[in-house]
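Single-structure report; data block below.
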2 protein chains.
Amino acid sequence: MSNIRDVAQLAGVSVATVSRALQQPDLVSLKTRTKVLAAVKQVGYKPNLMAVRFRSGKTHHLVVLVPTVANVFFARVISGMQQAAHDKGYSLLLCNTLADETMEQSYARMVHTSQADGLIQLRAHNPFAQLEMKTGSVLPMVNACEVLDRIACPTVLLDNRAAACAMTEHLLELGHKRIAMIKGPARSPLTRDRVAGYRDALDAAGVAFDESLLYPGDFTLQSGHQAATELLALANPPTALFCENDEMAIGAIQAVKQQGLKLPQDISVAGFDDISFAAFADPPLTTIAQPAEEFGSTAVNLLIDLLEGRLTKAPKVILPFELIQRASTGPAPAVSD
Amino acid sequence: MSNIRDVAQLAGVSVATVSRALQQPDLVSLKTRTKVLAAVKQVGYKPNLMAVRFRSGKTHHLVVLVPTVANVFFARVISGMQQAAHDKGYSLLLCNTLADETMEQSYARMVHTSQADGLIQLRAHNPFAQLEMKTGSVLPMVNACEVLDRIACPTVLLDNRAAACAMTEHLLELGHKRIAMIKGPARSPLTRDRVAGYRDALDAAGVAFDESLLYPGDFTLQSGHQAATELLALANPPTALFCENDEMAIGAIQAVKQQGLKLPQDISVAGFDDISFAAFADPPLTTIAQPAEEFGSTAVNLLIDLLEGRLTKAPKVILPFELIQRASTGPAPAVSD
DNA sequence: TATATTGATGTAACCGATATCATTTATAAG
DNA sequence: CTTATAAATGATATCGGTTACATCAATATA
């Protein structure tokens with residue numbers, strides 16, 4: 001590879017002049033600038049970004065911690081991140097944490113070893129409090145999709161409480177009284193918020209909250225299937241299943257059908273996220289649409305703003321949701337008992 | 001951040017000794033080594049990898065060009081890549097090309113500007129022949145999932161022809177004679193191979209090939225839906241739809257149902273990839289299972305072998321497939337005409 | 001004891017760009 | 001025609017490690 005010295009030699013100028021000709025053309029006379037550019041072209045010079053970044057101390061890399069890229073919603077978020085990062089000259093270092101804390105810590109350390117400038121995490125159970133204290137330095141971090149309570153950190157999120165409330169209201173309006181919620185892992189703030197929204201709606205409608213209708217899943221198709229199977233086996237089964245993501249809803253739909261029930265006549269199922277498969281489920285899934293790509297781009301832009309010193313406070317950006325009504329939800333069946 | 005000089009000063013040795021104590025401990029006396037390690041610990045020294053990599057000229061970054069991360073199969077492949085890369089101390093720079101050639105070129109250039117050591121591409125329509133010639137240097141590249149005919153390049157792939165043949169045979173054995181294929185974009189080698197396998201099976205069974213039963217899609221749910229709708233509108237419609245991926249198959253299933261047809265009694269639908277949603281389709285989808293994660297890990301390992309000079313020839317690794325028979329395929333309906 | 005050999009450590013060049021400071025050249029003012 | 005000022009360019013330190021080479025001490029051999 002040709003370097004700046006080759007160009008300087010060919011153009012008959014110093015390396016400083018070459019650098020200036022490329023970085024601050026105004027400081028260089030037209031004549032030399034032309035010479036330099038010609039030389040650059042002739043030797044096919046491309047600045048060694050490794051060197052540039054080493055010198056500047058900025059890697060222009062962003063670590064992205066994602067629990068699992070296999071999740072369709074996350075895939076969309078990542079897609080949005082990618083686009084935004086590329087537009088601003090940054091690259092993404094993708095890290096599939098598999099929800100493993102050791103792995104998360106290991107990846108977060110990339111920021112401290114100058115492999116990346118900052119970090120974005122999706123669905124964080126574990127804020128990097130420990131890590132920060134240990135090193136003493138603050139980790140430039142942005143949180144997406146899930147709030148971190150304990151740490152003031154720029155965040156982009158949905159009003160999960162309001163969204164869950166809206167969906168629950170939708171089901172209540174259809175006459176459902178026994179609405180089960182297939183939620184996420186117990187400790188997740190995201191799940192906590194959605195459960196809160198669910199309860200808000202129940203309370204407002206004067207429907208009693210039943211702990212046994214709350215079933216923890218893990219956002220996979222299988223877990224939705226299992227949850228639905230167990231909920232339907234209850235002595236007094238629910239007439240509606242509100243799932244915290246579409247994968248679980250699609251899994252639940254299969255379980256419901258296997259029990260010989262018809263959707264939405266016998267039971268309603270609702271999801272969350274509006275992944276592409278939602279519209280192709282049978283019946284098509286009623287769900288909450290989230291602007292997934294926008295989550296990604298916003299998170300990236302927030303992080304870049306943070307890194308480049310344009311952020312004074314830690315903003316919380318709230319993106320809008322939309323309830324998409326499809327055929328998987330319908331009027332509650334007539335009471336039989 | 002503390003640097004190697006801080007450590008040297010504290011330990012009362014030269015920077016060279018510190019470096020050696022950490023890199024080649026054998027060259028340093030036990031006494032100094034202990035002193036150095038203590039100093040390292042005390043100041044919390046972490047080598048600046050930016051500097052190390054700049055000096056060595058190796059970034060330990062791998063560019064991954066993926067047409068779209070939103071594709072579930074690719075997401076699994078990426079997951080496998082990630083794991084393998086992490087295990088070997090490499091990181092992935094993820095690039096969502098959206099099948100845009102300019103974008104691909106732009107990302108590929110990252111290798112030439114010392115941002116990455118090598119590149120992996122999935123489903124390449126466009127080998128980087130032009131780019132390579134222009135720069136004169138060879139781009140360390142590995143191809144996954146799709147063969148590149150024109151360039152000798154390490155590749156990990158499926159025997160797509162054999163797999164498509166196997167699935168077609170499966171449908172023929174069920175008595176289907178009019179088997180449509182919802183394929184990928186016309187110019188893709190992957191599609192070409194699968195179509196070849198499809199024809200192999202037809203020829204072997206003495207079933208005439210009908211050009212009108214070949215319908216190009218783009219691997220999305222929507223395109224599967226559209227393809228199926230149009231194929232069913234034919235004067236002499238197919239009794240089986242073999243789709244080149246599961247997304248299109250799931251889209252096709254919906255279209256089929258919308259026509260009032262029953263699966264698999266009236267028509268069979270088969271997919272390719274065995275994504276997680278396949279088993280949760282209604283009816284569950286007969287498909288070809290591919291070891292997606294293994295594709296990813298193999299690709300990464302091939303690239304690292306290439307980069308580290310352990311590869312003399314460009315190997316083609318062929319991974320096994322498995323036909324997963326589920327309920328979406330069944331005996332052909334009795335001939336009515 | 002003198003010399004060869006091995007082991008441990010230090011000095012400094014180096015990777016490729018950027019940026020400070022010094023220096024030269026061109027222009028403006030007196 | 002000087003001198004002051006601005007513009008253009010060059011020489012070089014710097015980022016933080018690694019490594020070739022030099023140096024010096026300790027041990028082995030003659």
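Just so it is clear: chains get the letters A, B, ... in the order the sequence lines come, proteins before strands, and each one is counted from 1.
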Q) Between B:Gln115 and A:Arg53, does any side-chain donor sit less than 3.5 Å from a side-chain acceptor? A) yes
(message) Is there a side-chain contact between A:Tyr45 and the phosphate of C:dG16, meaning an N or O under 4.0 Å from OP1 or OP2?
(response) no
Rounded to whole Å, the CG-C1' distance (A:Leu22 to C:dA17) equals 11 Å
Atom CZ of A:Arg5 and atom C1' of C:dG16 are separated, to the nearest Å, by 6 Å
Heavy-atom closest pair (B:Leu119 atom, B:Ala108 atom, distance to 0.1 Å) is CD1-CA, 3.7 Å
Closest non-hydrogen atoms of B:Thr97 and B:Pro67, given as atom of the first, atom of the second and distance, are OG1-CA, 3.3 Å
B:Leu303 and B:Gly118 have their tightest heavy-atom pair at CD2-C, 3.8 Å
Note: B:Gly57 and B:Asp117 closest approach over all heavy atoms is O-OD1, 4.3 Å
Should B:Ser19 be listed as having a side-chain N or O under 4.0 Å from OP1 or OP2 of D:dT18? yes
Expected list for residues 47-63 of chain B near DNA chain C, using heavy atoms below 4.0 Å, is B:Phe54, B:Arg55
Pairs under 3.5 Å (N/O, protein and nucleotides 4-10 of chain C):
residue, atom, partner, partner atom, Å
C:dT9, OP1, B:Ser29, OG, 3.1
C:dT9, OP1, B:Thr32, OG1, 2.7
C:dT9, OP2, B:Ser29, N, 2.9
C:dT9, OP2, B:Ser29, OG, 3.4
C:dT9, OP2, B:Thr32, OG1, 2.8
C:dG10, OP2, B:Ser14, N, 2.8
C:dG10, OP2, B:Ser14, OG, 3.0
C:dG10, OP2, B:Thr17, OG1, 2.5
C:dG10, N7, B:Arg20, NH2, 2.9
C:dG10, O6, B:Arg20, NH1, 3.1

Taken to the nearest whole Å, CD1/A:Ile4 to C1'/D:dG10 is 13 Å
Of B:Val15, B:Asn48, B:Val40, the one forming a side chain to side chain contact (heavy atoms under 4.5 Å, CB included) with B:Ile4 is B:Val15
ask   = Which class fits the ring pair A:His60 and A:Tyr90: parallel under 30°, tilted 30 to 60°, perpendicular over 60°?
value = parallel
- Can a donor-acceptor pair be found between the side chains of B:Glu146 and B:Ser188 at a distance below 3.5 Å? yes
To the nearest angstrom, the NZ-P distance between A:Lys46 and C:dA17 comes to 12 Å
Rounded to whole Å, the CE-P distance (B:Met1 to D:dC15) equals 16 Å
